[in-house]
Trainee: 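Quick one: structure below, then a few questions.
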Amino acid sequence: MALNLLSPAEIKAVSFLDSTKSNHHLHHLNKLPGVYTLKRKDCGTRRIHCSAQPPPPAWPGRAVPETNRKLWDGPKPISIVGSTGSIGTQTLDIVAENPDKFRVVALAAGSNVTLLSDQVKRFKPQLVAVRNESLVDELKEALSDVEDKPEIIPGEQGVIEVARHPDAVTVVTGIVGCAGLKPTVAAIEAGKDIALANKETLIAGGPFVLPLAHKHKVKILPADSEHSAIFQCIQGLPEGALRRIILTASGGAFRDWPVDKLKEVKVADALKHPNWNMGKKITVDSATLFNKGLEVIEAHYLYGADYDHIEIVIHPQSIIHSMVETQDSSVLAQLGWPDMRLPILYTMSWPERIYCSEITWPRLDLCKLGSLTFKAPDNVKYPSMDLAYAAGRAGGTMTGVLSAANEKAVEMFIDEKISYLDIFKVVELTCDKHREELVKTPSLEEIVHYDLWARDYAASLQQSTTRTPVLT
């Protein structure tokens with residue numbers, strides 16, 4: 001069912017697209033079939049703090065390891081928050097292959113008790129948490145034959161205790177959504193380095209998390225492939241050497257579709273990624289390029305690059321995971337087969353490099369690959385880029401609202417409650433509405449509050465039974 005939105009003349013909200021990357025991009029949303037930009041007007045708001053200073057970046061365009069930082073003997077002790085998810089299971093694969101390098105001291109999962117119990121038996125953590133408290137007895141039963149039983153703490157408090165386990169040096173944050181914010185904050189306050197796989201930590205929580213990380217002298221190490229690539233490329237750069245960040249994108253399911261065909265998109269079309277099989281949400285995000293827009297925001301928070309100096313390029317082969325340009329125009333790139341285990345490994349081992357077997361870690365053969373190609377992204381096909389840049393420039397709680405609204409819109413699209421093009425409408429309308437209460441320097445509570453608000457507001461934009469849009 002298509003979203004039956006009010007016409008531009010009827011909508012009184014303020015468009016936040018006046019802060020897009022450059023004014024000549026503003027017409028792109030108008031060109032996309034079924035999508036329009038909202039009229040812009042001046043508006044006073046009661047909560048916006050325009051004088052707020054931006055948060056300090058996690059890495060100021062360079063990565064220099066501190067000497068004498070090692071604080072442990074033997075294998076490096078780690079905690080994993082979200083151990084039964086994709087990031088968690090791949091992290092444990094790395095631990096299993098490198099028992100002399102890493103050991104697990106604590107695990108936290110959501111509700112997959114069967115897999116969690118298997119992980120406990122194999123890796124023997126001291127502490128285990130299951131977020132779904134009703135499953136604690138089931139977990140205890142599954143571990144009844146374990147000789148050295150771990151301590152089990154249920155619920156959110158258990159996840160927090162795993163994140164700040166006293167023996168852990170690094171915490172891998174693989175839990176999805178804003179549920180990962182509180183454990184990450186707890187880990188930072190306990191002085192743990194963060195192997196970051198939770199996007200909301202920076203996209204929603206950046207204005208709060210980054211000052212906290214600086215206060216506690218905690219390192220935030222990116223575990224996703226694009227930001228790991230950038231992190232690897234800035235190793236050894238002198239201060240002020242970074243000029244530009246270039247994020248590569250596969251282009252998703254519609255990279256070869258004409259724009260005028262997008263109004264015909266079905267859910268099955270959006271889930272046909274040309275390169276690999278992934279979850280539904282990330283596959284749709286790849287199709288809309290919202291995944292890359294969100295990575296632009298993360299890159300800003302991680303490396304301190306201005307939004308004018310962060311660019312996106314379509315790279316269909318997905319071999320170059322991202323690039324940086326230095327002040328003298330040299331471009332440095334990180335290449336490799338698409339495999340999340342490599343960036344996860346680097347967050348765990350940095351600044352060291354760990355030898356990997358060719359059997360489980362195939363080496364890149366450029367001659368076998370043949371060619372690498374690139375093209376500029378189409379702002380008409382991917383209006384998500386302008387929306388993401390605008391949200392990033394607005395800062396504060398706007399970036400979290402953008403992410404939450406997109407997540408809800410994608411959910412509604414997958415459930416066939418809205419059309420593909422409506423995803424962009426829902427996100428823009430939600431961000432426009434949020435301008436009334438934008439908070440530049442939010443508390444953790446405000447970040448979580450507006451994440452929930454954005455999901456509720458986005459959901460309210462579905463067509464009602466009376467065929468009248470519900471906008472409040």
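No hydrogens, no waters, no symmetry mates; every other heavy atom, side chains included, goes into these values. The structure displayed is predicted, hence computed values, not measured ones.
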Trainee: Would you please test Thr373 and His315 for side chain to side chain donor-acceptor pair (under 3.5 Å) and show each step?
Mentor: CA-CA 6 Å; Thr373 59; His315 170 48; 5.4 Å; no

Trainee: Please list, chain by chain and in numerical order, all residues satisfying ring-ring contact (aromatic ring centres under 6.0 Å, His included) with His300, sequence neighbours excluded.
Mentor: Tyr307

Trainee: Give a yes or no answer on whether the side chain of Arg131 reaches the backbone of Val159 with a donor-acceptor pair at less than 3.5 Å.
Mentor: no

Trainee: Mind running side chain to side chain contact (heavy atoms under 4.5 Å, CB included) on Leu335 and Leu366 for me, showing each step along the way?
Mentor: CA-CA 10 Å; Leu335 288 72; Leu366 289 175; 4.0 Å; yes

Trainee: Quick check: do Gln334 and Ser322 have side-chain heavy atoms less than 4.5 Å from each other?
Mentor: no

Trainee: Do Lys266 and Asp269 meet the salt-bridge criterion of a basic N to acidic O distance under 4.0 Å?
Mentor: no

Trainee: Between Glu264 and Lys261, does any side-chain N to carboxylate O distance fall below 4.0 Å?
Mentor: no

Trainee: May I ask you to say whether Lys280 pairs ionically with Asp415, meaning some side-chain N is under 4.0 Å from a carboxylate O?
Mentor: no

Trainee: Can you tell me if Glu200 uses its side chain to pair, donor with acceptor, with the backbone of Gly180 under 3.5 Å?
Mentor: no

Trainee: Say you draw a straight line from CD1 of Ile203 to CG of Leu294; how long is it, rounded to the nearest 0.5 Å?
Mentor: 4.0 Å

Trainee: Would you call the rings of Tyr420 and Phe413 parallel, tilted or perpendicular, where under 30° means parallel and over 60° means perpendicular?
Mentor: perpendicular

Trainee: Checking side chain to side chain contact (heavy atoms under 4.5 Å, CB included) for the pair Val401/Trp453: CA distance, chi angles, key distance, verdict?
Mentor: CA-CA 8 Å; Val401 164; Trp453 171 87; 4.0 Å; yes

Trainee: Step by step, would you call Leu221 with Trp59 a side chain to side chain contact (heavy atoms under 4.5 Å, CB included)?
Mentor: CA-CA 9 Å; Leu221 302 148; Trp59 302 92; 3.8 Å; yes

Trainee: Does any non-hydrogen side-chain atom of Ser419 lie less than 4.5 Å from one of Asp422?
Mentor: yes

Trainee: So, taking the atom named CG in Asp365 and the one named CH2 in Trp337, what distance separates them when rounded to the nearest 0.5 Å?
Mentor: 7.0 Å

Trainee: Can you tell me how far OG1 of Thr201 sits from CD1 of Ile188, rounded to the nearest 0.5 angstrom?
Mentor: 7.5 Å

Trainee: Kindly check if the number of other-residue, nucleotide or ligand heavy atoms within 6.0 Å of NZ (Lys281) is above 12?
Mentor: yes

Trainee: Could you walk me through whether Thr248 and His321 satisfy the side chain to side chain donor-acceptor pair (under 3.5 Å) test, starting with their C-alpha distance in whole Å, then the side-chain angles of each, then the deciding distance to 0.1 Å, before giving a yes or no?
Mentor: CA-CA 6 Å; Thr248 55; His321 298 300; 5.7 Å; no

Trainee: Between Phe231 and Tyr303, is the ring centre distance below 6.0 Å?
Mentor: no

Trainee: Could you check whether any side-chain heavy atom of Met323 comes within less than 4.5 Å of a side-chain heavy atom of Leu332, counting everything from C-beta outward?
Mentor: no

Trainee: Dump the intermediate steps for side chain to side chain donor-acceptor pair (under 3.5 Å) on Ser86 and Gln90, then the final yes or no.
Mentor: CA-CA 6 Å; Ser86 175; Gln90 291 179 87; 3.0 Å; yes

Trainee: Is the shortest heavy-atom distance from the side chain of Phe254 to the side chain of Asp378 under 4.5 Å?
Mentor: no

Trainee: Show the numbers, then the answer: is there a side chain to side chain contact (heavy atoms under 4.5 Å, CB included) between Tyr450 and Leu438?
Mentor: CA-CA 9 Å; Tyr450 284 111; Leu438 172 65; over 6 Å; no

Trainee: Is the shortest side-chain heavy-atom distance between Ile94 and Ile344 below 4.5 Å?
Mentor: yes

Trainee: Between Glu407 and Ser403, is the side chain to side chain donor-acceptor pair (under 3.5 Å) condition met? List the steps.
Mentor: CA-CA 6 Å; Glu407 187 170 331; Ser403 178; 5.1 Å; no

Trainee: Please report the closest heavy-atom contact between Ile297 and Gly392, naming both atoms and the distance.
Mentor: CG1-CA, 4.3 Å

Trainee: Could Glu436 and Lys433 be called an ion pair, given the rule that one side-chain N must be under 4.0 Å from one carboxylate O?
Mentor: yes

Trainee: Quick check: does any side chain N or O of Thr91 sit under 3.5 Å from a backbone N or O of Ile87, one acting as donor and the other as acceptor?
Mentor: yes

Trainee: If you measure from the Lys or Arg side-chain nitrogens to the Asp or Glu carboxylate oxygens, is any gap between Glu411 and Lys417 under 4.0 Å?
Mentor: no

Trainee: Rounded to the nearest 0.5 Å, what separation is found between the CD atom of Glu298 and the CD1 atom of Ile310?
Mentor: 11.0 Å

